[in-house]
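Here's the structure, in structure tokens; my notes come after.
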Amino acid sequence: MVSVPWVELSKSPRIAEALVALLVLRLRPRAQAVDGAGGDGGRDLFEYTESGNLINYEVKSFTGRLVKDRRRQVRDSLVSTARHQPDHWDLLVPIDPNPSEGKWFTELRDEFPFVRHWRGLNWLDERFAAHPDLVRYALHGPSDYILERITQSRAERDDLLGGIPDLRARYQALGQLAQELSPHFAVTATTAPEHGTTISLQPKGTNLGVKSEIHLTTAIRFRTDDVADVERQQAFQEVMGFGGEIELPAENLGEATITAPVELGISKTFTPTVMRITSPREPIAEVLRAQLTVRTSSGLPLASVPIQLTERIRGAQGGTLFGADLTGFIQVRVRGDMGERSWRLTMSMDPPAHAMPQTYLPGLRLLSRMQGGNTLEMAFSGDTSTRMSTTVPADVALPSGWSAEEAQTWADAFEDLVALQSLTGQFFAVPEGLTLRDAVDVKEAVALLRGQKVERKISTVSVKVVRAEALDLLAKQDRFQLAAFSESLVLTLGEHQIDLGACTEVVTVDKVLDLAGARRELQAGRKVTVVMRAMKDTPMLRYRTLENPDTA
């Protein structure tokens, strides 16, 4: 076990105190070191806990006993740290208190209630035993090395008082240090809260030589009697052959060895708990343009959209091209098998946020034509000989589990929405939560705006009656028509309201329901709403009215 020569280190108090500070920074991720150039204010480190409590830490390099003068120094630190109003204060000093010192420390709490722990020699030695690298800094490095480490740690943990410029300066400094690690590899680091820190290596040239190579050797095994493992093996073979991404758990992994240039410091043998294999997506230098077309079995084109393939990944047997249509609505992946000279196209939908309905139409029309027996073809622009086609299977699985009929319904709905906006001159993005019920309303609105009559099936109609004579008139009729005029029929789609103008609704009635009850209500002097049955085979008619019939 590495032991700390406290007596020797106490001859250089700054070194000893910096060593203890480094330990606290490692043990307490939220702790921050204080720059004591202008006085440390009674604390060498401080920490705000998750609950918001402030903890101050005072480090002393004293060895032997805490004599009167040293006790005075500790008390002076407490007076200074009290100005920060901490919730707790800990003393870290390589001395285990004797009874007299323990009594004195306890009495301090009467005057300073925030006094908490005396972390002494045994506590420090036990923690340093688990972090021997910190001790080696102090014992074997240059005299100023550990001071540089505490300065660097302070810079990394201090508040960014200068804001973004401070952050930028620190990243630049660390980035420059990282590039000095290796003559063969550029080193970059990215940090994300959910994934931690990721280190990436990029070769600095194309001909690095054998000594600069990085090798990973490991055993990967799969059980043939386990369904999940068999599927994982197939996925692994797919990734190795054509690129992609897979994560293998510990049960599929044996001992692994990394061999790398010594300056990187990553060569070792270990047992991995998880391994993620990822093929990096490479941008295609010259974008590949193609046309995706659905044709009938006789070759007649039904729908098509232009696509652009912009990225690729590669494996031992082939690779995959990635792209989308010009709006980004339809995403495509084209996997090519160089050995079998075959291809496989996968399509998915990624609806753009806040897009106009026109954006969706080409893609929806294409999907609606993906019916069994038709042909899906992809032809690359500029080379008519490069065409790939396949027959759409009868059980084709469209994105999100749609059937071709559902795709057709939505394509019609968006076409109606485009027409509605064109007829009214009101243009807006597709409303959130658009439903097929909304689509029916839009279709009717378009028909009304085009001067057509709209039929709608209803079962009853309600009318307010204020005079008994009106009931008598209704009772004498076997069948009659009611017409209702509205000065303004408004269609609501999400946040948008569209005034369709004046409309008339005509309904044919064959029976007044609960006529006797309505008579009693009128005799009692109350207004009554009469419910009448609409004729089953005669739908209600709705049409736009150019002028009010009462004034015509």
Side-chain angles (χ1 to χ4, degrees), residues 185-203 213-224 226-260 264 266 268 270-285 287-288 290 292 307-325 328-352 378 388 397-401:
F185 294 94
V187 182
T188 57
T190 56
T191 302
E194 65 273 18
H195 300 302
T197 301
T198 301
I199 305 297
S200 302
L201 302 177
Q202 187 70 27
E213 292 179 352
I214 299 176
H215 295 274
L216 170 65
T217 305
T218 187
I220 298 176
R221 51 183 178 264
F222 301 97
R223 293 176 52 185
T224 59
D226 184 277
V227 174
D229 247 23
V230 171
E231 292 177 352
R232 197 177 295 124
Q233 181 180 16
Q234 293 171 348
F236 172 74
Q237 292 171 341
E238 174 75 13
V239 169
M240 299 306 292
F242 303 97
E245 180 174 335
I246 188 172
E247 184 171 285
L248 299 175
E251 54 264 30
N252 294 128
L253 304 172
E255 188 176 75
T257 299
I258 294 178
T259 305
L264 295 177
I266 60 174
K268 63 177 180 178
F270 63 103
T271 301
T273 57
V274 67
M275 181 179 295
R276 183 180 294 108
I277 301 173
T278 303
S279 305
R281 286 198 183 191
E282 305 168 335
I284 299 175
V287 173
L288 298 175
L292 202 59
I307 61 171
Q308 295 185 136
L309 301 169
T310 57
E311 294 180 310
R312 68 180 178 185
I313 58 175
R314 291 182 283 183
Q317 296 173 248
T320 304
L321 301 174
F322 298 87
D325 71 335
F329 176 35
I330 292 185
Q331 305 285 317
V332 297
R333 289 184 298 163
V334 182
R335 196 201 77 165
D337 189 323
M338 304 307 294
E340 297 184 1
R341 301 186 63 81
S342 64
W343 67 285
R344 185 173 70 198
L345 173 69
T346 303
M347 300 169 54
S348 61
M349 290 191 302
D350 185 16
M378 186 169 70
M388 300 179 291
L398 293 173
S400 302

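Hydrogens, waters and symmetry mates are skipped; everything else that's a heavy atom, side chains included, is used. Because the structure is a prediction, the values reported are computed rather than measured.
Residues R232 and I246 have side chains in contact (heavy-atom distance under 4.5 Å, counting atoms from C-beta outward). Side-chain contact between V187 and I199 is present, with heavy atoms from C-beta onward closer than 4.5 Å. No side-chain heavy atom of F322 sits under 4.5 Å from any side-chain heavy atom of T310. For the pair F185 and I214, the minimum side-chain heavy-atom distance is below 4.5 Å. Using a 4.5 Å cut-off on side-chain heavy atoms (C-beta onward), M275 and L216 make contact. Under the 4.5 Å side-chain criterion, counting only non-hydrogen atoms from C-beta, M347 is in contact with I330. In this structure, L321 and V332 have side chains that are not in contact, with every pair of non-hydrogen atoms separated by 4.5 Å or more.
The two atoms that bring A256 and P272 nearest to each other are CB-CD, 3.9 Å, heavy atoms only. In terms of heavy-atom proximity, A189 sits nearest to T197 at CB-CG2, 4.4 Å. When all heavy atoms are compared, the tightest approach of S279 to G243 is OG-CA, 3.2 Å. Taking every heavy atom of both residues into account, T218 and E255 meet most closely at OG1-O, 3.4 Å. Between T278 and E245 the shortest heavy-atom distance is OG1-CG, 3.5 Å. Closest of all the heavy-atom pairs between A324 and Q331 is CB-NE2, 3.8 Å.
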*asked:* Between V274 and E247, does the side chain to side chain contact (heavy atoms under 4.5 Å, CB included) criterion hold? Intermediate values first, please.
replied: CA-CA 7 Å; V274 67; E247 184 171 285; 3.3 Å; yes
*Given L253 and T271, is the side chain to side chain contact (heavy atoms under 4.5 Å, CB included) satisfied, shown in steps?*
CA-CA 8 Å; L253 304 172; T271 301; over 6 Å; no
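Using a 4.0 Å cut-off between charged side-chain N and carboxylate O, E282 and R314 make a salt bridge.
Here CD of Q317 is found 8.5 Å from CD of E238. Values are rounded to the nearest 0.5 Å. M240 contributes atom CE, which lies 7.0 Å from atom CD1 of I220 (distance to the nearest 0.5 angstrom). A distance of 13.0 Å separates CD in Q233 from CZ in R223, rounded to the nearest 0.5 Å. The OG1 atom of T273 lies 12.0 Å from the CG atom of L248; values are rounded to the nearest 0.5 Å.
With sequence neighbours left out, R221 forms a side chain to side chain donor-acceptor pair (under 3.5 Å) with no residue at all. Not counting sequence neighbours, the partners of D325 by the side chain to side chain donor-acceptor pair (under 3.5 Å) test are T327. For F242, there are no ring pair (Phe, Tyr, Trp, His ring centres under 6.0 Å) partners two or more places apart in sequence or in a different chain.
Proximity of a side-chain donor or acceptor of T320 to a complementary backbone N or O of R335 within less than 3.5 Å is not detected.
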